[in-house]
Amino acid sequence: MNNQFHFSVDDVFESLIEISDNNIPIKKHWFFKILYNLWKKYKIKTALYLFYQKKINGKIRTLQEVKNIKDQLKENWIYFNFHALNNQNPPFTQSLKNQKKTFEQIRSEIIRFAGKKNFSSFVRLHYYSECFELSKYYRQKKIKGLFTTDKKIVSYRLPQKNKDDLFIKSFSFFNNLKFIRTDFRIEKLSQKKKFKKLKSIFLEKINNKKNIVIYTHEYELKKKINIKCLQKSIKILVKDLKLKSIKP
């Protein structure tokens, strides 16, 4: 990942239900439109990490209700993978058996509504669950690595040696699995002090590690300041710093 950046969105669910319930073309929906415009303008490929279910208006909805959108994804601008069962149950709270069950439920629905070619190669699990016990399963599913937290702790479950690696090199291998440190979340960068210094913040990071991992959450893009910060961040990364968006 030399002089490149990865962009992804966590906690994605409601937008998929909205386009299905209301029969909205994906590129005209408020959330997907933001991502599609980044693709059209800067060729940004975005990974979306999905919940399997969520309570909406008092009713449990699931990915089974998402309509087929394969024909709307032909430009290869968004990719999907698992995140968690729901907001209340991150993978680390589940048994290994139930983790795998949840991941398989999400994967089978992605295949149904988006096809087999639209899977991301990297995954960020909910609440930065570091479920390295399933490393063999991830390899079988062609997942190249898990993202760890952008917070100073860098990792919650890995041995100290791996934490040191993540802190210094931004990646580490444990249990035959690659862990990659997440660098920035848009909703933190959109705070006034940081917003004014985005270019210098990114430049400092690139000088240290050659690539950037940046992300946000579906619900955070309902705020105009976060949309503005995302657009400005991508423009700086692509136009000013000449980084390429990697296939996620």
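Note that this is a predicted model, so its numbers are computed, not measured.
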Assess the side chains of [X] and [Y]: does a donor N or O sit below 3.5 Å from an acceptor N or O?
X      : Y      : value
Glu104 : Tyr52  : no
Asn208 : Glu204 : no
Thr148 : Glu130 : no
Asp150 : Thr182 : no
Arg185 : Thr216 : no
Gln99  : Tyr137 : no
Asn226 : Glu220 : yes
Asn87  : His126 : yes

Query raised in the report: Taking Ser129 for the side chain and Phe92 for the main chain, is one N or O donor matched with an acceptor at less than 3.5 Å?
Result: yes
Report task. For the pair Arg112 (side chain) and Leu63 (backbone), establish whether a donor and an acceptor sit closer than 3.5 Å, ignoring hydrogens and angles. Result ->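 Yes; at least one donor-acceptor contact below 3.5 Å.
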Show the atom names and distances, to 0.1 Å, of all donor-acceptor pairs under 3.5 Å that link a side chain in residues 231-244 to residues at least two apart or in another chain.
| residue | atom | partner | partner atom | Å |
| --- | --- | --- | --- | --- |
| Lys232 | NZ | Phe195 | O | 3.3 |
| Ser233 | OG | Cys229 | O | 2.7 |
| Lys242 | NZ | Lys239 | O | 3.0 |

Query - Same cluster (ILVMFWY, side-chain, under 4.5 Å), Phe82 and Tyr215 - result: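 Each belongs to a different hydrophobic cluster.
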**Report entry** Joint hydrophobic cluster, Leu96 plus Val123, side-chain heavy atoms closer than 4.5 Å
**Finding:**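 Same cluster.
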Report task. Kindly determine whether Phe184 and Phe202 satisfy ring-ring contact (aromatic ring centres under 6.0 Å, His included), including the steps that lead there. Result -> CA-CA 9 Å; Phe184 303 110; Phe202 293 149; 5.3 Å; yes
Query - Candidates Tyr49, Phe51, Phe113 - the one meeting ring pair (Phe, Tyr, Trp, His ring centres under 6.0 Å) with Phe80 - result: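 Of the listed options, the one satisfying the test is Phe113.
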Query - Residue among Asn162, Leu158, Leu146, Asn176 satisfying side-chain contact (heavy atoms from CB on, under 4.5 Å) with Phe132 - result: Leu158
**Report entry** Listed partners of Arg139 passing side-chain hydrogen bond (donor to acceptor under 3.5 Å, both in side chains), at least two apart
**Finding:**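 With neighbours one apart ignored, the set is empty.
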Is any side-chain heavy atom of [X] closer than 4.5 Å to a side-chain heavy atom of [Y]?
X      : Y      : result
Phe174 : Pro159 : yes
Ile19  : Phe32  : yes
Leu48  : Asp10  : no

Report task. Might you confirm whether atom NZ of Lys27 has over 12 heavy atoms from other residues, nucleotides or ligands at distances under 6.0 Å? Result -> yes
Query raised in the report: Could you state the interatomic distance from CG (Leu50) to CG (Leu85), rounded to the nearest 0.5 Å?
Result: 12.5 Å
Query raised in the report: Of all residues at least two apart in sequence or in a different chain, which pass the salt bridge (charged side-chain N to carboxylate O under 4.0 Å, His left out) check with Arg181?
Result: none
